[in-house]
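Worksheet: the structure to be examined is printed underneath.
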Amino acid sequence: MILYTELCKELGIKYPIIQAPMAGGITTPELVAAVSNAGGLGVLAAGYLTPEVMRMEIRNIKQLTERPFAVNIFKAELAETDSRTAEVQGKYASFYEALAIHPGTGDFSSADYSKEQFQVLMEEEVPVVSTTFGLLSQEEYTAAKRNNQKVITMITNINEAKQAEKAGADIIVAQGSDAGGHRGTFQVADTDGSLVGTMSLVPQVADAVELPVVAAGGIMDGRGLAASMVLGAAGVQLGTRFLHAAESGTDEAYKQALLEADEDSTTITKSFSGRPARAVKNEFTKLHSENNIKPLKYPVQNSVTGEIRKAAKKQGNKEYLSLWSGQGIRMVKEGQSAEEIIKDIMEQAARIIYR
């Protein structure tokens, strides 16, 4: 078809479309394979997976497609504990009561599997390695290149883009503040990270680095693809558009919440994980905002709220779910397969570019 870009050549894909990694069971092997089979690049979100489960998912994907796909891992500093855990749990009393659950106990620590995950990527010879929140080590970049694997790094500003290029990334995903869920900001400290919008960020990154740049954040259709390419991008990465894909693992309460939301419904919040992420506002985010609750360190906050989110998912209660979504939320379409989504995007982009 049209639009065979440098990104397509680098990744061995037909269309310049990457399905964003969305952790929490959304990027099923079926979704990843369907995107790749349709000509894009499917991406397994493995940030929260154990190495064993990650290996199993990779092998499942290989059973479903012979096309290139990627696996995304986290590269973030992890806090082992937080002395404020009991204090924050106390502020969630109304949540526990609403869901009829009791607060868990323990240190809520999370194991850092990133090194073991990378080893699995090498052993399974995954075609493309993707990172969020930071960079691979120099040894890991060298190993990936020796293994003929491409490396995609997500960034949110020029400084991060230059770091990624210098370190050895092959492709850079420029994530604007429009993006749903967690963006790839390297250091957040007490801030919400870089808040540059996608259409402002992309041309500046394209001017700053020599690598193919992928636009991400608020892009939902062929218009977004066409606009991104005009601004210097070699392709796009979409997450929110795939939340309603037939092959996704998005639960029904989450899907319904997306359909009921509009362009003013999302906010950037640290309330669920301790790192800034864009989500549809609900009772959980409202509590944090109105009561100015300071979240625990990442990933302790994610572990503490995990029991709440798990119960809410089981009960179909959207008010306590992390409803990750980008700002292009009104353009979500239901009832489409991944193949239909990619076909729609490419056909619309073609009409715009060649009209």
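Note that this is a predicted model, so its numbers are computed, not measured.
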Open item on the list: For Q138, is there any backbone N or O sitting under 3.5 Å from a side-chain donor or acceptor partner on T142?
Closed with: yes
Open item on the list: Within the supplied structure, the quantity of interest is the number of heavy atoms (other residues, nucleotides, ligands) at a distance under 6.0 Å from K255 NZ; does it exceed 12?
Closed with: yes
Open item on the list: Can you confirm whether more than 12 heavy atoms, excluding those of K145, are under 6.0 Å from its NZ atom?
Closed with: yes
Open item on the list: Give me each pair satisfying salt bridge (charged side-chain N to carboxylate O under 4.0 Å, His left out) with a member in residues 45-71, each pair once, sequence neighbours excluded.
Closed with: R55-E123, R55-E124, R59-E124, K62-E124
Open item on the list: Does F74 form a ring-ring contact (aromatic ring centres under 6.0 Å, His included) with Y48? I'd like the steps, not just the answer.
Closed with: CA-CA 8 Å; F74 293 164; Y48 296 127; 5.1 Å; yes
TODO: Please confirm whether the backbone N or O of D262 pairs with a side-chain atom of S265, one donor and one acceptor, at under 3.5 Å?
DONE: yes
Open item on the list: Tell me which pairs pass side-chain hydrogen bond (donor to acceptor under 3.5 Å, both in side chains) where either residue lies in residues 313-323, with sequence neighbours left out.
Closed with: E260-K318
- [ ] Flag yes if V304 and L99 sit in one hydrophobic cluster, no otherwise; membership is Ile, Leu, Val, Met, Phe, Trp, Tyr, and two members link when side-chain heavy atoms are under 4.5 Å apart.
- [x] yes
Open item on the list: Would you compute the distance between atom CD of E116 and atom OG1 of T50 and round it to the nearest 0.5 angstrom?
Closed with: 10.5 Å
- [ ] Apply side-chain contact (heavy atoms from CB on, under 4.5 Å) to the pair Q187 and E77, showing each step before the final yes or no.
- [x] CA-CA 9 Å; Q187 298 291 335; E77 293 183 10; 4.0 Å; yes
Open item on the list: Any non-hydrogen side-chain atom of M54 less than 4.5 Å from a side-chain atom of I73?
Closed with: yes
TODO: Verify whether one side chain among D82 and T85 offers a donor that lies under 3.5 Å from an acceptor in the other.
DONE: no
Task: Side chain proximity check, E247 to S337, heavy atoms < 4.5 angstrom - done: yes
- [ ] Determine, using the 4.5 Å side-chain heavy-atom cutoff (strictly less than), whether I13 and M229 are members of one ILVMFWY cluster.
- [x] no
Task: Carboxylate-amine/guanidinium contact E6 K9, below 4.0 Å - done: no
Task: G326 backbone acceptor or donor facing T240 side chain under 3.5 Å - done: yes
Task: Short side-chain to backbone donor-acceptor contact, R241 and I219, under 3.5 Å - done: no
Open item on the list: Would you call the rings of F272 and W324 parallel, tilted or perpendicular, taking 30° and 60° as the class edges?
Closed with: perpendicular
Open item on the list: Among residues at least two apart in sequence or on other chains, which ones pass ring pair (Phe, Tyr, Trp, His ring centres under 6.0 Å) with F242?
Closed with: none
TODO: Considering non-hydrogen atoms only, spot the tightest contact between L7 and G235 and give its length.
DONE: CD2-CA, 3.8 Å
- [ ] Might you work through the ring-ring contact (aromatic ring centres under 6.0 Å, His included) test for Y92 and H288, ending with a clear yes or no?
- [x] CA-CA 10 Å; Y92 295 158; H288 272 262; 5.6 Å; yes
Task: I171 vs V128 side-chain heavy atoms within contact, under 4.5 Å - done: no
Open item on the list: Nearest 0.5 angstrom please: D251 CG to L323 CG, how far?
Closed with: 8.5 Å
Open item on the list: Classify the ring geometry of F95 against F284: parallel below 30°, tilted from 30° to 60°, perpendicular beyond 60°.
Closed with: tilted
- [ ] Decide side-chain contact (heavy atoms from CB on, under 4.5 Å) for N302 and R309; before the verdict, give the C-alpha distance in whole Å, the side-chain angles of both, and the deciding distance to 0.1 Å.
- [x] CA-CA 10 Å; N302 190 67; R309 290 178 281 119; 3.1 Å; yes
TODO: Report yes if some heavy atom in the side chain of M220 is under 4.5 Å from a heavy atom in the side chain of V332; otherwise report no.
DONE: yes
- [ ] Look only at the side chain of E307 and the backbone of G104, and say whether a donor-acceptor pair between them is shorter than 3.5 Å.
- [x] yes
- [ ] Say whether V151 and V43 are linked into one hydrophobic cluster, either directly or through other cluster members, by side-chain heavy-atom distances under 4.5 angstrom.
- [x] no
TODO: Find out if a path of hydrophobic residues (ILVMFWY) with successive side-chain heavy-atom gaps under 4.5 Å connects V35 to I26.
DONE: yes
- [ ] Keeping the roles fixed (side chain from Q117, backbone from A46), state whether a donor-acceptor pair exists under 3.5 Å.
- [x] yes
Task: S248 side chain vs L243 backbone, donor-acceptor pair below 3.5 Å - done: yes
TODO: Go through the side-chain N and O atoms of S273 and H182 and say whether any donor and acceptor fall under 3.5 Å apart.
DONE: yes
Task: Flag, side chain of Q149 to backbone of L121, donor-acceptor distance under 3.5 Å - done: yes
Open item on the list: Do M346 and K14 make a side-chain contact, defined as non-hydrogen atoms from C-beta onward lying under 4.5 Å apart?
Closed with: no
Task: Q301 side chain to K294 backbone, donor-acceptor under 3.5 Å - done: no
Task: Any donor-acceptor N/O pair, N159 side chain to K162 backbone, under 3.5 Å - done: no
Task: Sole residue of L211, T131, T132, D170 in side chain to side chain contact (heavy atoms under 4.5 Å, CB included) with T153 - done: T131
Task: V205 with L195, same ILVMFWY side-chain cluster at under 4.5 Å - done: no
Task: CD/E263: more than 12 non-hydrogen atoms of other groups inside 6.0 Å - done: yes
Open item on the list: Using the rule given for side-chain contact (heavy atoms from CB on, under 4.5 Å), can you reason through V126 versus I61, listing the C-alpha separation, both sets of side-chain angles and the distance that settles it, and then say yes or no?
Closed with: CA-CA 10 Å; V126 172; I61 294 169; over 6 Å; no
TODO: Check the side chains of E160 and T156 for a donor-acceptor pair under 3.5 angstrom, ignoring hydrogens and angles.
DONE: yes
